[in-house]
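To start, the structure itself, in structure tokens.
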Amino acid sequence: MMEQLDACNQLEAARIHKLVARKKGRPGQKDLEKMAQWLDRGQARVTERQAMHKPATFPASLPVSERVDDIREAIEQNQVVIIAGETGSGKTTQIPKICMNSGRGIRGLIGHTQPRRIAARTVAGRIAEELGEQTGGQVGYQVRFTDTTSDQSRVKVMTDGILLSEVQHDRFLDRYDTLIIDEAHERSLNIDFLMGYLRQLLPKRPDLKVIITSATIEVERFSQFFNGAPVIEVSGRTYPVDVRYRSLTGDEDDRDQGWTDGVLRAMEEIEQHERAEKQPPGDVLVFLPGEREIRSLSKVLRHADLRHTEVLPLYSRLSNQEQNRIFQGHRGRRIVLSTNVAETSLTVPGIRYVIDTGVARISRYSVRSKIQRLPIEPVSQASANQRAGRCGRVAPGICFRLYDETDFINRPEYTDPEILRTNLASVILQMTTSGLGDIRHFPFLEPPDRRLINDGYKLLEELGAVDDKRRVTNLGRTMARLPLDPRLARMLVISSEQGSLAETLVIIAGLSVQDPRERPQDKQQAADQAHAPFNDKESDFLTLLNIWNFYEEQRQELSQNQLKKVCQKSFLSWMRMREWRDIHRQLTLICREQKLKLNRDSASYESLHKAILAGLLGQVAVKLEKKEYLATRNRKVMIFPGSKVSKTGPKWIVAAEIVETSRVFARVVAKIEPEWIEPLAGHVVKHHFFEPHWEQKRAQVMGYEKVSLYGLDIIAKRRIPYSKVDPAECRNLFIRRALVEGDYQSRAPFIARNRELLDTVENLERKTRRRDLLVEDEVLVAFYEQRLPADIVSGRHFESWWKQLSADQLRDMELTEADILQRPVDEQADSLYPDYLEWEGVRYPLSYEFEPTSERDGVTLQAPVMALKQLPARRLEWLVPGLLREKCIALVKGLPKALRRNFVPVPDFVDAALENLQASNEPLALQLGEQLRRMTGVRIDADAWPQEDLPKHLRMNLRVVDDAGKPIAEGRETEKLQSE
DNA sequence: TAGGGTTTT
């Protein structure tokens, strides 16, 4: 049976091979029956197709027709052939026919890829026509939403995206016996990916033929990539193009003016040329970088008084109607001002002259800032040549390059392929889920930079599509099933959990198509007015939803023609609305397959925008000033002025896109609440903990937390219990602040005892005005550290811990004097520093302070206001015994020098005097003076003694309190207080 | 205060 497989249809043969492989070469009876069935069917298919085959003919006018035999031979003898030829060579339409004549497309399909949908459709149409058929017979095409291939198809023209998507279920691309990858030089992501994939596939599919066609650039690279595959060059059926370098003069800073002048001069040269050659006015194609430049130049040209000249703008955002004007007949000269859209995607007919500014906006992705940029850059030589070629299609042409030849020569040969300029998240996810292995080992023609790959993985990690080890998650697998940008896929999946899938589907489909709102140059105001009812001031996403709802309501009631009219009136592109609906329908089906739940009730703003936010975590921004926002990764952005949200300027926004053009713009934005972010971004936010501190009230260590999302603070200072963050630090603070410093109410008996002991010693220090009695705090800290288990970090822990201690253990927690005293305490301390002053049976409480800067430094006597008059004012001068000596020394030292020198050394005289002094309600100085006179005979006048200039602590501080014990007056002038 | 061009399970 296996020998007969060669005569069998490719798809059936593959099924048989697979079954045999699965049964390890020993199929059972049932399998054999099945296989025989497949074989019959496969052979019948082949016979059928062979019978149908009519040899195709080749139009003599096409250059490729001269090489038909060479090409066929090359295909028959090689697995891969590179065919290089310029536009007009006929390669796109003729190569599939050559393959057919060579017997390809019998056992399997001839797959033929195009970069664009329109091209796929028209190419299929042309090939079918040349075979005398309509599409859907031997030649069909498949693009998104449309498939015209059938059982009879031998050639299937499709977008490269379709072929790529087929890889997902058909790893060996078994249904094809031949693949033609057209326009490979465009080097789109899809093309690079397909070429890498095919290179891997070739050895596993020896019967598969691959033809790579390209413009005559990069062919050597392609050939090398495919093991030195032969290159066949086909000449183009084009006319010579005279390239003239006309570099700009004037101010380099004013590029617009330079280009305007350059274009006008080129127009003069064209007119001269036509006069000299007696030619009628020919059409001109001008390449400019963008819409703005097109508008400004078109204004100038319209006022330039060029005779019989029509100026048409051309760019992708233009409505179909406006674009189609380039295909309408006209009289006189037409000047088409175009972006790059005319370089590859659209062919402007009848162009005789090209004026090339030599620049274009090229999308570049910055890994560093995660910003997609659209800088205006000089185009590559290949691109410039492609532009020039646009005027040699109907007759010899002239291309004016508004730069000089050296400039051209110094330019890069080719435009960087897309894979080097784009975020790779989507590619990586597709590759990983379809089992293509690691992107780093995939045989790319030009492998992307490691940083770009890492960046792609990081985005996937942010979206939860891969885990931190870069393994695809279940979520990632679901996301990969959705034909969407991974960010949008993420939104979709989460929205079903949020109860907002219905709305999110609409919005995501809307974000996947070009903006359906049209704003024609001459009807901007009318368009704005028509769009006004859709606008939402808080969310551009809701604006999209409003457009959709409007359209759907109309659609259900109106005929297609009426609907078209309504769209036109509302300045909505009917085509794009239809595309939107197609995508919506496709996504709805996949959601159903993936069992994502559609909500019945309409979603709240919050649930909808949380889903959106989940896909756009890296695109959050907070308002700084009026129009300026600070986005994640320290990017300064501005809301795109076209957004209605820019009028209200909410504090926090999320943006579907951040793109740098003339500035960094956030486009398609919505107001969000910052609290929504953290729960969605738990895996990417960073926490910073700071300022741990003891809080007596909560009996635990609290701290603060800063939460940031890619450098943007979404929570600046949140109070949190610190024990989870740093238990060791909490224990440390608990010991220091709660146990040692005593800022804590404990029920533990040893705590009360220890505190009492410490209080006593501290009080003694205050009394004796020394700080060398009590050990350093560190000794106490060490005491508790030794005894406290590591997990005791708060009051709660502490209380339950000590309650289960044994009596011995409890005793061990008690401080002793030995633990806390640095030196022995003076036994007389109590009498030297009494706690009361007793006078005539009244006890006045004394308190002590040792704080020289404090008003209360020294001894304070407290007296009720009622007792004030009876207070022995003179007795207070005697302070307490412990301070009397110091006071006497200060008094003597404060005497005028002439007197003082009689009592040197002062301490000796004072000590001697003190022998005979007894505290009384007599002035201290007087008594002291009397003793000194007795010893020396020197008399001291009362007013010689120092008074107010004694240190504060050597004068009794008197505090007067009311009946309730509340202080009402205080000071050291006892008599003054008494008289008040 | 204004944006190049494509494609899809």
Side-chain angles (χ1 to χ4, degrees), chain A residues 113-120 142-146 158-170 183 186-194 287-296 314-318 338-346 357 359-364 372-377 379 383 415 418 421-422 426-427 429-430 433-434 477-486 488-489 509 512-515 519 524 579 582-583 586-587 589-591 593-594 626-629 637-643 646-647 649 657-668:
Chain A
T113 70
Q114 287 294 317
R116 282 162 290 279
R117 285 194 237 170
I118 297 181
Q142 185 184 348
V143 295
R144 195 176 189 180
F145 310 125
T146 315
M158 65 198 126
T159 51
D160 34 35
I162 292 278
L163 182 59
L164 211 46
S165 72
E166 287 179 358
V167 169
Q168 305 273 328
H169 344 107
D170 185 6
E183 315 279 6
E186 285 193 20
R187 302 293 308 279
S188 66
L189 216 50
N190 285 347
I191 286 169
D192 272 19
F193 198 57
L194 270 178
F287 283 101
L288 290 156
E291 204 177 314
R292 193 187 59 80
E293 291 81 3
I294 288 171
R295 279 212 203 114
S296 93
L314 180 62
Y315 45 88
S316 177
R317 277 240 348 110
L318 224 46
S338 176
T339 60
N340 246 2
V341 72
E343 191 183 303
T344 46
S345 307
L346 266 172
T357 57
V359 292
R361 279 197 188 273
I362 295 178
S363 167
R364 302 241 170 226
Q372 187 206 345
R373 305 177 57 235
L374 273 175
I376 296 177
E377 289 183 8
V379 298
S383 181
T415 312
E418 195 183 359
R421 297 187 277 116
T422 190
S426 179
V427 174
L429 185 61
Q430 298 309 328
T433 51
S434 57
R477 261 178 283 278
T478 310
M479 284 165 60
R481 299 293 298 271
L482 299 159
L484 286 170
D485 175 280
L488 301 183
S512 306
V513 294
Q514 283 186 316
D515 191 340
R519 205 162 173 260
Q524 291 190 353
E579 171 97 1
D582 284 336
I583 294 177
Q586 187 187 29
L587 292 176
L589 289 174
I590 298 170
C591 284
E593 260 171 45
Q594 299 289 315
K626 236 175 154 28
K627 296 281 169 187
E628 200 169 38
Y629 282 78
V637 306
M638 198 181 111
I639 299 180
F640 195 71
S643 164
S646 79
K647 306 281 184 294
E657 291 174 7
I658 293 182
V659 184
E660 181 182 334
T661 52
S662 54
R663 295 188 55 165
V664 183
F665 289 111
R667 249 201 72 202
V668 192

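Chain A is the first sequence line, chain B the second, and so forth, proteins listed ahead of strands; every chain is numbered from 1. Just the heavy atoms: all of them, side chains too, but no hydrogens, waters or symmetry mates, feed the values below. Computed from a prediction, not measured in an experiment: that's the story for all the values here.
If you check every strand for non-hydrogen atoms under 4.0 Å, A:G642 touches a base. Across all strands shown, A:F640 has heavy atoms under 4.0 Å from base atoms, whether or not it also approaches the sugar-phosphate. Contacts of A:T344 with the nucleic acid, taken as non-hydrogen atoms under 4.0 Å apart, are absent. Among the atoms of the strands shown, base atoms are found under 4.0 Å from some heavy atom of A:E418. Heavy atoms of A:Q372 sit under 4.0 angstrom from at least one base atom. Heavy atoms of A:E377 sit nowhere under 4.0 angstrom from any nucleic acid atom.
Minimum atom distance to the side chain of A:T159 is reached by B:dT8, of the listed B:dG5, B:dT8, B:dA2. Between B:dG4, B:dT6, B:dA2, one nucleotide has an atom nearer to the side chain of A:E293 than all others, and that is B:dG4. Taking every side-chain heavy atom of A:Q514 into account, B:dT6 is the closest of B:dT6, B:dT7, B:dT9. Taking the side chain of A:Y315 as heavy atoms from C-beta on, and the options B:dT9, B:dG5, B:dA2, the nearest nucleotide is B:dG5. Looking at the side chain of A:Q586, the nearest of the listed nucleotides B:dT9, B:dA2, B:dG4 is B:dT9. Side-chain proximity of A:I162 to the nucleotides B:dT7, B:dG4, B:dT9 is greatest for B:dT9. For A:S165, whose side chain is taken as the heavy atoms from C-beta onward, the closest listed nucleotide among B:dA2, B:dT8, B:dG4 is B:dT8.
Between A:Q430 and B:dT8 there is no side-chain N or O to OP1 or OP2 distance below 4.0 Å. Between A:T339 and the phosphate of B:dG5, there is a side-chain N or O to OP1/OP2 separation shorter than 4.0 Å. Side-chain nitrogen and oxygen atoms of A:T661 include none within less than 4.0 Å of the OP1 or OP2 phosphate oxygen of B:dG4. Regarding contacts with the backbone of B:dT8, a side-chain N or O of A:R117 is found under 4.0 angstrom from either OP1 or OP2. Residue A:S316 has a polar side-chain atom (N or O) positioned under 4.0 Å from OP1 or OP2 of B:dT6.
Between A:R481 atom CZ and B:dT9 atom P there is a gap of 12 Å when expressed in whole angstrom units. Separating the CG atom of A:L484 from the C1' atom of B:dT9 is a distance of 10 Å, rounded to the nearest angstrom. A straight line from CD of A:E660 to P of B:dT1 spans 18 Å, rounded to a whole angstrom. The distance from atom CZ of A:F145 to atom C1' of B:dT8 is 9 Å, rounded to the nearest whole Å. Distance CG (A:L374) to P (B:dG5): 10 Å, rounded to an integer number of Å. As a whole-Å value, the separation of A:D582 CG from B:dT9 P is 12 Å. Nucleotide B:dT6 holds its C1' atom 9 Å from the CG atom of A:D160, rounded to whole Å. Atom CD in A:Q168 sits roughly 19 Å away from atom P in B:dT7 (whole-Å rounding).
By the neighbour-count criterion of 12 heavy atoms within 6.0 Å, atom NZ of A:K626 is sparsely surrounded, having that number or fewer from other residues, nucleotides or ligands.
Across the interface with DNA chain B, nearest-nucleotide mapping of A:E593 and A:V659 shows A:V659 to be the residue nearer the 5′ end. Closest-nucleotide positions on DNA chain B for A:S426 and A:L346 were compared, and the one nearer the 5' end corresponds to A:L346.
Take A:F640 and apply the ring pair (Phe, Tyr, Trp, His ring centres under 6.0 Å) test, not counting sequence neighbours, and it matches A:F665. Among residues two or more places apart in sequence or in another chain, the side-chain hydrogen bond (donor to acceptor under 3.5 Å, both in side chains) test is passed with A:R373 by A:E660.
In the model, A:Q514 has a side-chain atom that pairs as donor or acceptor with a side-chain atom of A:S316 under 3.5 Å. At a cut-off of 3.5 Å, with distance as the only test, no side-chain donor of A:T339 or A:E291 sits close to an acceptor on the other residue.
The base of B:dG4 sits within donor-acceptor range of the side chain of A:S363, with an N or O pair under 3.5 Å.
Paired with A:S363 under the rule side chain to side chain donor-acceptor pair (under 3.5 Å), one option of A:E418, A:Q372, A:R421 passes, and it is A:Q372.
Between the side chain of A:K627 and the backbone N or O of A:S646 there is at least one donor-acceptor pair closer than 3.5 Å.
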